[in-house]
Amino acid sequence: MSWSTGPMSTSSSANPGSRAAAARPDAELIAELEASRLHPLWTRYREITPIAPEAADRAAVWRWSDIAPFAERAAREVPIEDIERRALIMVNPDFGGRTVTTANLIAAFTVLEPGDRAVPHRHTAAAIRFSTDAEGAATFVNGRRCEMGKGDLIVTPPMCWHGHVNESRRRTIWFDGANIPLINELGVNVFEPGRPEDARSWEEADEGEERLWAAAGLMSPAHAHEAPHTPKFRYPGAEMRAMLAAVPASPDGGRWVRYVNPLTAGAVMPALDCYALRLAKGAAGRARRTTWNAVCLAVSGEGRSEIGETGFDWVENDIFSIPRWSWARHRAIGGEADLLVVTDRVVQESLGVAREELE
């Protein structure tokens with residue numbers, strides 16, 4: 001993994017007001033306020049109201065060539081019966097050892113051996129699964145069977161039961177994105193494990209109501225869906241690739257497509273937002289920065305990204321992060337390249353604070 005040496009927070013003390021107060025005419029007042037568990041705004045406003053968003057982390061990249069040997073070892077050495085999931089999570093050291101990829105988000109790879117059944121569970125965190133090499137595996141979401149073909153995205157909304165099975169004769173691997181750090185920061189995380197025997201009962205399940213959302217632009221007027229998340233759990237990779245080929249380029253030079261709730265055209269879940277991005281051969285788009293955070297998976301091709309004060313090349317299955325308010329520019333090398341982009345944008349949109357700029 002690599003990361004930049006870009007600027008970090010300028011705060012160097014948990015109590016900057018005390019130092020500043022030493023030579024001030026109001027020093028005695030400030031000391032008495034702090035002793036009474038009160039802070040004067042006039043000595044701290046620059047700290048608590050920064051003039052621009054500040055990221056706690058720097059952009060980082062995790063290379064599949066480094067991860068693959070660990071995935072191999074995990075598959076051989078960690079029995080699925082002993083754990084919830086055989087997943088490898090990308091960790092940015094700027095968070096001091098916390099299990100965080102970038103603010104509010106984690107990225108991971110999950111590995112299943114032939115015949116493995118991951119015990120079902122549910123939780124308040126929102127998550128997605130993106131099939132990188134998962135043909136032959138299936139994810140079950142609230143009783144629906146979602147096959148995992150090349151480039152398929154599977155949504156597991158908050159508090160929906162979900163589990164996985166590998167019915168093939170080969171190892172399967174997929175990419176996970178989740179907002180666990182955000183949910184933990186809010187202090188509202190709930191995790192409910194299922195029973196091992198529940199995984200076997202799913203073998204009789206089929207796609208169920210997923211059939212109602214198989215054709216774009218069509219739905220049954222009799223269908224009722226009141227949950228805040230998408231009623232569609234599987235987004236086929238073939239359809240996304242066709243859409244990427246059809247849409248025009250955006251002002252930043254890329255072709256963007258959003259995974260949406262077919263009932264609202266909004267984000268697939270209230271606190272997690274997903275996009276596909278196609279980069280044209282050799283074209284360097286305009287730099288862009290946003291208040292939201294992102295983790296990116298290189299789905300196909302190869303390219304180079306300049307994020308903040310660092311730059312790195314990437315190839316298929318590499319993962320990299322884009323911290324908030326960091327200038328980011330991407331270009332494909334050799335031919336077209338596709339990225340999956342997982343963000344917390346929708347959270348900021350719901351609060352009315354989302355912001356983006358083009359250089």
Side-chain angles (χ1 to χ4, degrees), residues 110 112 117-118 120 122 126-168 172-178 198-199 201-248 255-278 297 299-300 338-343 346:
T110 290
L112 286 187
R117 295 177 176 85
R122 63 178 182 172
I128 61 95
R129 328 287 166 183
F130 186 90
S131 172
T132 54
D133 189 19
E135 292 84 348
T139 288
F140 298 84
V141 186
N142 271 10
R144 296 187 210 172
R145 180 186 177 94
C146 299
E147 303 290 346
M148 301 183 73
K150 181 68 174 177
D152 289 356
L153 181 133
I154 312 296
V155 175
T156 53
M159 297 311 290
C160 286
W161 287 103
H162 56 279
H164 319 282
V165 60
N166 179 1
E167 298 175 332
S168 74
T172 58
I173 299 174
W174 62 79
F175 168 85
D176 299 283
D198 292 337
S201 68
W202 290 347
E203 295 175 5
E204 302 175 1
D206 60 22
E207 61 180 337
E209 288 192 357
E210 199 66 22
R211 289 188 290 262
L212 297 176
W213 310 102
L218 298 175
M219 66 171 287
S220 165
H223 182 73
H225 179 79
E226 298 179 357
H229 58 73
T230 176
K232 177 183 175 74
F233 295 155
R234 178 175 177 265
Y235 293 77
E239 294 179 8
M240 175 52 70
R241 293 188 289 272
M243 182 64 73
L244 284 171
V247 299
R255 296 172 181 260
W256 288 88
V257 175
R258 189 184 198 184
Y259 292 89
V260 300
N261 179 333
L263 291 175
T264 66
V268 290
M269 290 177 282
L272 199 65
D273 210 352
C274 300
Y275 300 80
L277 169 61
R278 174 159 293 174
L297 167 71
V299 176
S300 64
D338 289 353
L339 297 173
L340 172 72
V341 185
V342 181
T343 82
V346 63

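Rounding to the nearest 0.5 Å places CZ of Arg255 at 10.5 Å from CG of Asp338. Atom CZ of residue Phe130 and atom OH of residue Tyr235 lie 14.0 Å apart, to the nearest 0.5 angstrom. To the nearest 0.5 Å, the span separating CD1 on Ile173 from OG1 on Thr132 amounts to 6.0 Å. Atom CZ in Arg211 sits 13.0 Å away from atom OG in Ser220 (nearest 0.5 Å). With rounding to the nearest 0.5 angstrom, the CZ atom of Arg234 is 8.0 Å from the CD atom of Glu207. Taking CG of Leu153 as the reference point, atom CD of Glu239 lies at 12.0 Å (rounded to 0.5 Å).
In this structure, Val260 and Ala265 approach most closely via the heavy-atom pair CG1-O, 3.6 Å. Of all non-hydrogen atoms in Met269 and Ala126, the two that sit nearest each other are SD-CB, 3.6 Å. Scanning all heavy atoms of the two residues, the minimum distance from Ala267 to Asn261 falls at O-CB, 3.7 Å. The minimum heavy-atom distance linking Ile128 with Leu272 is given by the pair CG2-CD2, 4.1 Å. Contact between Pro231 and His223 at its shortest, heavy atoms only, is CB-NE2, 4.4 Å. For Val299 against Leu339, the heavy-atom pair with the smallest separation is CG2-C, 4.0 Å.
More than 12 heavy atoms of other residues, nucleotides or ligands sit less than 6.0 Å from atom CE of Met159.
Between Asp152 and Ser131, the side chains place no donor N or O within less than 3.5 Å of an acceptor N or O (distance only, hydrogens not considered). Side chains of Thr230 and Tyr259: no donor on one and acceptor on the other come within 3.5 Å.
Between His229 and His225, the ring planes lie perpendicular to each other; the angle is over 60°, past the 30° to 60° tilted range.
Salt-bridge annotation for Glu210 and Arg144: present, with a side-chain N of the basic residue lying under 4.0 Å from a carboxylate O of the acidic one. A salt bridge does not link Arg145 to Asp206: none of the charged nitrogens lies less than 4.0 Å from a carboxylate oxygen.
Counting only heavy atoms from C-beta outward, the side chains of Leu112 and His164 approach each other to under 4.5 Å. Using a 4.5 Å heavy-atom threshold, the side chains of Asp273 and Arg258 count as touching. Within the 4.5 Å cutoff, the side chain of Pro157 has no heavy atoms near those of the Val268 side chain. Within the 4.5 Å cutoff, no side-chain heavy atoms of Asn142 are placed close to those of Glu209.
Listed by chain and residue number, Glu192 satisfy the side chain to side chain donor-acceptor pair (under 3.5 Å) test with Arg122 (two or more places apart in sequence, or in another chain).
In terms of modelled atom types and a separation under 3.5 Å, the side chain of His162 and the main chain of Cys160 share a donor-acceptor contact. Remark: the backbone N or O of Arg129 is not paired with any side-chain donor or acceptor of Asp176 at under 3.5 angstrom. When atom types are taken as modelled, the side chain of Thr139 and the backbone of Cys146 share no donor-acceptor pair closer than 3.5 angstrom.
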